Structures are given as C-alpha cells and as structure tokens.
Amino acid sequence: MIKMIKVSAPGKLMLFGDHAVVHNRPCIVTAVDHRISVSLNKRNDNKIFLNAPDMNIEDYKISIRNLRKQHPKKVRFVLTAIKNFFEKYKIESGLDVKTKSEFSSKFGLGSSSAVTVSTLKGLSELFGIKINNKELFDLSYKTVLDIQDVGSGFDVAAAIYGGTLYFVTGGKIIEPINIKELPLVVGYTGIKADTATLVKMLYRKLAENPETINKNFDDSAKIVDEARIEIQKNNWKRVGKLMNFNQELLRGLDVSSLELEKLISASKNVGAYGAKLSGAGGGDCMIAITDKENFNNVVNAIEKEHGTFIEVKLNAEGVRVEK
Ligand code: PMV
C-alpha cells in the first residue's frame with residue numbers, strides 16, 4: 001500500500017516588533033489555530049500533481065525536471081519547497097500533493113509560511129529523513145526567501161514551534177513565552193497588504209535616513225522586551241500601552257493606513273487598552289487588547305467601521321503529523 005502523509009501547521013499573528021524584526025531586532029509572534037494541511041503520496045512516475053481546492057487549483061501537473069522553472073504564484077511555495085528538499089537530500093520522486101486551508105490567504109495570517117513548513121515536514125516524513133526543528137526552520141526560511149527575497153522568518157518559526165515566541169531575525173533567537181490567555185480582538189481591514197513592497201520601502205528609508213530609522217527600530221526592541229515580561233504577568237493595561245507605543249513607531253515608518261487607523265481608534269474609543277496593526281501594515285489585520293468583559297464592545301466597534309472580526313485562538317500548536 002502506498003503511504004500517505006498528512007501534516008498541518010498553524011498561521012500566525014505578529015504582536016509586537018513588526019518591521020524592526022527584519023533588521024536584527026526582536027519581535028513577539030503567536031501561532032493561531034487556523035491551520036493549513038498538506039497531504040503527500042509518492043507516485044511511480046516523474047510527475048508532480050498538485051491540488052489546492054481552496055485556491056482553485058485542480059490537478060496542476062509538472063514533471064520533476066521542470067521544478068526549477070517559474071510557476072504561478074499560488075503554487076510557488078509548495079513547488080519551491082519540494083525543489084529545495086529534493087536538492088538538499090538528493091531525492092527525486094513523483095508526488096501527489098493536496099493542500100487544505102482553514103483560512104483564506106487574504107487575511108495575511110501566514111498561509112505561505114504554514115504551507116511551506118507543512119510541505120517540508122511532510123516530505124521528511126514521507127522519505128524517512130529525520131530533520132530537527134532548526135533544520136526545518138532553515139530549509140523553510142530559505143524557501144520563503146527564494147520566493148520573496150525579504151522577511152525575518154518569524155512566520156516560519158510560528159508555524160514550526162507554535163505557541164507564542166520571542167523571535168530575532170532569521171531565527172537567531174527563538175524562545176517560547178509562557179502565556180495562559182491573551183484577550184485579543186483581531187480585525188481585518190478588507191485590504192490585502194503587500195508585505196514585500198513595504199519591507200523593501202523600509203530598506204530604502206533606512207538607507208536614506210539611518211539615524212532616525214535605527215532609533216525607531218531600537219525603540220521597538222525596547223517595547224518588545226518589556227511586552228515579553230508584561231504579557232506573562234497578564235498585565236493587559238500595560239500591554240495595551242505598549243501596543244499604542246508600537247503603533248506610534250509604525251506610523252512613524254509610514255506603514256499604517258486610513259483603514260487600519262479607523263479600526264484602531266474605534267477599538268480604543270470603546271475602552272480597549274491598546275491597539276495596533278499586525279504585520280506589514282498597509283492593510284491586513286489590526287489587533288486590540290481588552291478586558292474580557294469589554295470584548296464584544298470592541299468587536300462591535302470594529303464591525304461598525306466595516307472591519308471584519310476574525311475569531312482566532314492564540315498560542316496554537318506548531319507543525320504536527322496528522323493521524
Ligand atoms: O505581512 P505579514 O503578516 O507577513 O508580516 C510582515 C512582518 C514584517 O515584520 C513586516 C516582515 C517580516 O518578515 O518580519
């Protein structure tokens with residue numbers, strides 16, 4: 001019987017340190033319980049068949065020798081992951097691949113990193129090659145960089161390790177943060193952010209104005225270090241304040257947007273302790289922290305401003321092989 005392997009990995013939400021983490025500073029990221037799974041089977045020929053119904057991909061077929069060619073954006077992460085795995089471990093095999101997502105890629109919750117990690121973990125299981133989490137991180141991060149050029153790898157770490165992490169650029173530090181709860185409201189602006197463009201814009205800003213931008217990133221690092229402590233104390237008031245400070249820094253980098261600001265103000269107006277954008281900015285999601293009693297008021301305030309409330313459980317489990 002042909003062995004089928006199924007692996008799933010969680011999405012992510014950046015809590016603190018957005019953008020600065022690309023430039024050798026820390027961030028805090030939490031894994032969310034919206035997962036992407038990848039199922040893999042060996043084939044007896046040299047073809048790879050990819051099915052991704054959530055992305056309207058049906059029987060996308062290529063032969064192994066064409067893995068290096070350019071592929072449509074939607075299939076690039078899975079195929080580049082396969083190519084990198086085959087090259088590193090000197091393996092070649094036909095494959096049937098099927099992906100399934102519990103969330104839309106439009107929210108910016110890390111679907112690309114989750115699908116990359118699931119594919120690589122699945123391949124290691126399928127071919128019986130033991131790789132530890134750090135090796136899985138390095139190969140997944142390389143895959144993401146091959147496609148996007150830029151990025152800190154925080155999303156890859158969340159997909160692999162799960163939980164809530166203190167993370168420094170490129171996985172120089174990956175440490176778990178113990179949290180029991182985190183009363184966060186997540187609001188989606190309805191606008192898809194273009195992470196790579198915003199990250200590249202900040203490289204330009206940094207080159208033009210190193211002093212100001214480095215100061216901004218250093219301030220971000222201080223906020224992250226304090227937030228790491230206060231989150232573990234459940235001190236939501238202070239965590240909210242720190243979110244507001246972080247948002248001020250992000251505004252200073254010109255990565256916020258009118259839609260994000262509307263949802264952020266609406267949350268604070270009904271008593272959220274703090275709110276900020278999450279991720280690259282320009283769109284995607286914002287987060288607000290609030291007392292549990294006030295949670296629904298914040299949700300309503302976001303919806304009144306035409307944001308979409310996204311229900312997520314934080315601190316989700318990292319990559320896992322499904323039975
Ligand atoms: O847009 P997202 O959710 O993928 O987050 C990007 C976060 C950045 O710090 C701007 C980039 C990165 O790779 O860390």
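From a predicted model like this one, the values you see are computed outputs, not experimental measurements. First listed ligand is number 1; within each ligand, the first listed atom is number 1.
Side-chain polar atoms of Asn294 and Asp291 form no donor-acceptor pair below 3.5 angstrom. For the residue pair Asn84/Thr143, the side-chain donor-acceptor check at 3.5 Å is satisfied.
Shortest contact from atom 1 (O) of ligand 1 to any protein heavy atom: Thr195 OG1, 2.7 Å. When only non-hydrogen protein atoms are considered, atom 11 (C) of ligand 1 lies nearest to Val22 CG2, 3.6 Å.
Of all atoms in ligand 1, listed by their number and element, those nearer than 4.0 Å to a heavy atom of Val21 are 9 (O), 14 (O). Near Lys12, the atoms of ligand 1 lying under 4.0 angstrom from a non-hydrogen atom of the residue are 2 (P), 3 (O), 4 (O). Listed by number with element, the atoms of ligand 1 under 4.0 angstrom from any heavy atom of Gly151 are 13 (O). If you number the atoms of ligand 1 from 1 as listed, the ones under 4.0 Å from a heavy atom of His19 come out as 8 (C), 9 (O), 10 (C). For ligand 1, the atoms closer than 4.0 angstrom to any heavy atom of Phe154 are 5 (O), 6 (C), 7 (C), 12 (C), 13 (O), 14 (O). Less than 4.0 angstrom separates some heavy atom of Met14 from each of these atoms of ligand 1: 7 (C), 9 (O).
The residues Glu226 and Lys222 are annotated as not salt-bridged, no charged nitrogen and carboxylate oxygen being separated by less than 4.0 angstrom. Using a cut-off of 4.0 Å between Lys/Arg side-chain N and Asp/Glu carboxylate O, Lys61 and Asp59 are scored as not salt-bridged. Between Lys142 and Asp138 no salt bridge is recorded (no basic side-chain N to carboxylate O distance below 4.0 Å). The pair Lys215-Asp218 fails the salt-bridge criterion, with no side-chain N (NZ, NE, NH1 or NH2) lying under 4.0 Å from an Asp/Glu carboxylate O.
Remark: distances from the non-hydrogen atoms of Asp155 to ligand 1 are all 4.0 Å or more.
The distance criterion of under 3.5 Å between nitrogen or oxygen atoms is met by Ser152 with respect to ligand 1. Note: no N/O pair closer than 3.5 Å links Ser278 and ligand 1 by distance alone. Checked by distance only, ligand 1 and Ala280 come closer than 3.5 Å through their nitrogen or oxygen atoms.
Here the shortest heavy-atom distance to atom 5 (O) of ligand 1, taken over Gly282, Gly279, Cys27, Gly11, belongs to Gly279.
A distance of 9.0 Å separates CD1 of Ile36 from OG1 of Thr116, quoted to the nearest 0.5 Å.
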Asn24 and Lys172: side chain to side chain donor-acceptor pair (under 3.5 Å), yes or no, with the steps? CA-CA 9 Å; Asn24 276 313; Lys172 287 188 199 91; 2.4 Å; yes
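Relative to the ring axis of Phe217, Arg25 does not place its NZ or CZ within 45° and under 6.0 Å from the centre.
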